[in-house]
Amino acid sequence: MKVKNLRWWVIALIALATIINYIDRQTMNVLWATSMGEDLYPDLDADGRKAIYGTISGFFILAYALGQAIFGKIFDWVGTRIGFALSIGVWSIATALHAFGQGVVSLSIFRSLLGVAEAGNWPGAAKGNAEWFPSKERALAQGIFNSGAAIGGLVSIPIIAYLAVHFSWQAIFVIVGLLGLLWLIPWLVLVKAPPKSHPWITEAEREYILTGQKTTPATDDNDVETEYAPNTKEMLSRKQSWGVIIASAAIDPIWWLFVFWIPTYLAEVYNMDVKGIALYGWVPYVGAMFGAWFGGLLSQNRINAGWTINKTRKFVITLGCLLMLPCLLAMANPGGPVTAVLLMGVILFGFQTTISSVQTLPADMLSQKSVGSLSGFAGMAAKFSAWGLTVFVPWLTQGGNYTPAFVIGASLALVALAAIWILIPTVEPLKARNKS
């Protein structure tokens, strides 16, 4: 049996996994703001419950950071097929375990297990992208995958809010946990092997993928250069690697600022109940979804128009950051809730426009054997910086003033731009250094 356009089926499954990933992580974010926090800590005020939520979320991000590095190596060792099965299988079980949470200790443990396992989705997607797509389609494929995060955020808030009206918060965690286990069935059936040896791929598509993965003329010397696979020490000695790592560390906290705190922000600043959060909370993720598609399509359009990979990646990253900056500053005084969520939508549009190209950089510069490792290190750095902002948000926003958090977000966008332009002079395949 042959399947046409198999690579698009693969990235669609990865995008679906990302949707499930975000539904799983958003479950507690919504439930804590609506019922779970008051149920577990009825004697605390809003700031007290927010501090506990920030602590538990901090453990999630720290575990997520560790998981980025762990699963980056796991995907390089066992491959994309088994790597995704391990990642989504464990995080689905961890989600269901939240039903047994009794307080900060147990929930921090379950949240940490969820974070470690969910982290595998990103280095796994980067590696799957590098395996299944030629260079000119990678940004679009990354955009499709990233749109899963936006769609997950978009659908999760109203879905979980709806479930909260009909089920206990404990039952909701079990229901959501089952989704990932069901995803394993089509994944294990369809993704049998990489494109080079997959029995269902057409010969035309196999040739198109493998030929298009070489970004330089096919000479013997260039074949060696495109297969450059540095060890960890050598990888971290290159300033280009640090450009990816620092840019990821700067840009990622902006996303997490909204992922974790949109429900709490709406409840605290605009006194919304579960129905109000369901009505408004999904809006910012519409911008994120369109940003993911826009960033990928813009990259592909510019490359097809004759732009170099270097010019394309830097243009798209810069455009996204410049979209975020004024809106982050405007969030200091947005006025009504409609304006606030629309500004958030533009911010997340800019973020997704940027991040699809940032996450493609490892595949642009390294061979498939090292893509997962660099993506994992970049993801780990991103989560450490996101943790730093997350645990300080309860302190920064005491009394419902979120201005300091948004100003920090705007500053981080500038740092990401500097890292890309200064540390990565040219986005191109790296070459091994001559040894003296």
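Here the side chain of E205 pairs a donor or acceptor atom with the backbone of L6 at under 3.5 angstrom. A donor-acceptor pair is defined here as one N or O able to donate and one able to accept, closer than 3.5 Å; such a pair exists between the side chain of S385 and the backbone of A382. Under the 3.5 Å distance criterion, the side-chain polar atoms of N304 are matched with a main-chain donor or acceptor of Q300. Between the side chain of T353 and the main chain of G320, no donor-acceptor pair closer than 3.5 Å is present. Without hydrogens or angle criteria, R138 side chain to A363 main chain gives a donor-acceptor distance under 3.5 Å. Under the 3.5 Å distance criterion, the side-chain polar atoms of S375 are left unmatched by any main-chain donor or acceptor of A126. Between the side chain of T403 and the backbone N or O of A332 there is at least one donor-acceptor pair closer than 3.5 Å. The closest donor-acceptor contact from the side chain of S356 to the backbone of A292 lies at 3.5 Å or more, if one exists at all. Under the 3.5 Å distance criterion, the side-chain polar atoms of E268 are left unmatched by any main-chain donor or acceptor of A46. Between the side chain of H198 and the backbone N or O of L190 there is at least one donor-acceptor pair closer than 3.5 Å.
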Applying side chain to side chain donor-acceptor pair (under 3.5 Å), run through N310 and T426 and close with a yes or a no. CA-CA 6 Å; N310 175 67; T426 305; 4.8 Å; no
Would R111 and Y64 count as a side chain to side chain donor-acceptor pair (under 3.5 Å) if you check the C-alpha gap in whole Å, the side-chain angles of each, and the deciding distance to 0.1 Å? CA-CA 9 Å; R111 208 69 182 158; Y64 201 102; over 6 Å; no
Run E118 and Y22 through side chain to side chain donor-acceptor pair (under 3.5 Å) and show every step you take. CA-CA 9 Å; E118 279 200 341; Y22 265 80; over 6 Å; no
Begin from the C-alpha positions of F84 and F75 and carry the test ring-ring contact (aromatic ring centres under 6.0 Å, His included) through to its verdict. CA-CA 8 Å; F84 264 112; F75 273 91; 5.2 Å; yes
Go through the steps to decide whether K73 and D76 satisfy the test salt bridge (Lys or Arg N to Asp or Glu O under 4.0 Å), and finish with yes or no. CA-CA 5 Å; K73 290 293 185 183; D76 283 342; 5.7 Å; no
side-chain contact (heavy atoms from CB on, under 4.5 Å), that's the test. Do T34 and I277 meet it? Break it down for me. CA-CA 9 Å; T34 56; I277 292 172; 3.9 Å; yes
Evaluation steps, side-chain contact (heavy atoms from CB on, under 4.5 Å), between Y402 and T264: CA-CA 11 Å; Y402 282 74; T264 300; 3.9 Å; yes
N21/W122 under side-chain contact (heavy atoms from CB on, under 4.5 Å): CA gap, chis, key distance, verdict: CA-CA 10 Å; N21 184 295; W122 270 258; 3.6 Å; yes
Under the side-chain contact (heavy atoms from CB on, under 4.5 Å) criterion, do L44 and I52 qualify, and how do the steps go? CA-CA 10 Å; L44 293 180; I52 290 175; 3.3 Å; yes
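Contact detail for V283 and L279: the closest heavy-atom pair is CG2-O, 4.3 Å. Summarising the geometry of G400 relative to V269, their closest heavy-atom pair is O-CG2, 3.8 Å, with the distance given to 0.1 Å. Residues M272 and Y280 come closest through the heavy atom pair CE-CD1, 3.2 Å. L107 approaches G101 most closely through the heavy-atom pair CD2-CA, 3.9 Å. A17 and I88 get closest at one heavy-atom pair: CB-CD1, 4.2 Å. Residues R81 and L188 come closest through the heavy atom pair NH2-O, 2.7 Å.
Side-chain contact check for I11 versus I14: some heavy-atom pair is nearer than 4.5 Å. Counting only heavy atoms from C-beta outward, the side chains of V259 and Y285 approach each other to under 4.5 Å. Here the side chains of W32 and L40 are in contact, with some heavy-atom distance below 4.5 Å. Counting only heavy atoms from C-beta outward, the side chains of C321 and L414 never approach each other to under 4.5 Å. Contact check for I420 versus V244: no side-chain heavy atoms found under the 4.5 Å cut-off. Between E428 and T308, every side-chain heavy-atom pair lies at or beyond the 4.5 Å cut-off. Between F145 and Q359, some side-chain heavy-atom pair lies under the 4.5 Å cut-off. With contacts defined as side-chain heavy-atom distances shorter than 4.5 Å, the pair M36/M28 qualifies.
Heavy atoms of other residues, nucleotides or ligands lying less than 6.0 angstrom from CH2 of W9 number 12 at most. Other residues, nucleotides and ligands place more than 12 heavy atoms under 6.0 Å from the NZ atom of K2. For CH2 of W395, the number of neighbouring non-hydrogen atoms (other residues, nucleotides, ligands) closer than 6.0 Å is 12 at most. The environment of F392 atom CZ is sparse: at most 12 non-hydrogen atoms of other residues, nucleotides or ligands sit within 6.0 angstrom. The environment of W256 atom CH2 is dense: over 12 non-hydrogen atoms of other residues, nucleotides or ligands sit within 6.0 angstrom. Shown here is K136, whose NZ atom has no more than 12 heavy atoms of other residues, nucleotides or ligands within 6.0 Å. Applying the 6.0 Å contact sphere to NZ of K192 captures more than 12 heavy atoms from other residues, nucleotides or ligands. Within 6.0 Å of atom OH in Y41, more than 12 heavy atoms from other residues, nucleotides or ligands are found, so the atom counts as buried in its surroundings.
From I93, atom CD1 reaches atom CZ of F110 across 12.5 Å, with rounding to the nearest 0.5 Å. To the nearest 0.5 Å, atoms CG (L412) and CG (L389) are separated by 7.0 Å. Atom-to-atom distance recorded for L86:CG and I70:CD1 is 12.0 Å, nearest 0.5 angstrom. S92 contributes atom OG, which lies 7.0 Å from atom CD1 of I20 (distance to the nearest 0.5 angstrom). The distance from the CD1 atom of I109 to the CZ atom of F100 is 14.5 Å, given to the nearest 0.5 Å. Interatomic distance, CD1 of I251 versus CG of L417, reported as 7.5 Å (0.5 Å rounding).
A donor-acceptor contact closer than 3.5 angstrom is absent between the side chains of S357 and K314.
For F59 and W387, the distance between ring centers is not under 6.0 angstrom.
Note that R7 lies outside the cation-pi zone of W132, set by a 6.0 Å cut-off to the ring centre and a 45° limit from the axis. No cation-pi contact links K239 to W242, judged by a cut-off of 6.0 Å to the six-membered ring centre and 45° from its axis.
By the 30° and 60° cut-offs, the orientation of the rings of W187 relative to W183 is parallel.
Each of Y53, F406, W255 was compared with W261 under the ring-ring contact (aromatic ring centres under 6.0 Å, His included) criterion, and only Y53 meets it. Considering F294, F258, W293 in turn, F294 is the only one that fulfils the ring-ring contact (aromatic ring centres under 6.0 Å, His included) rule with F349.
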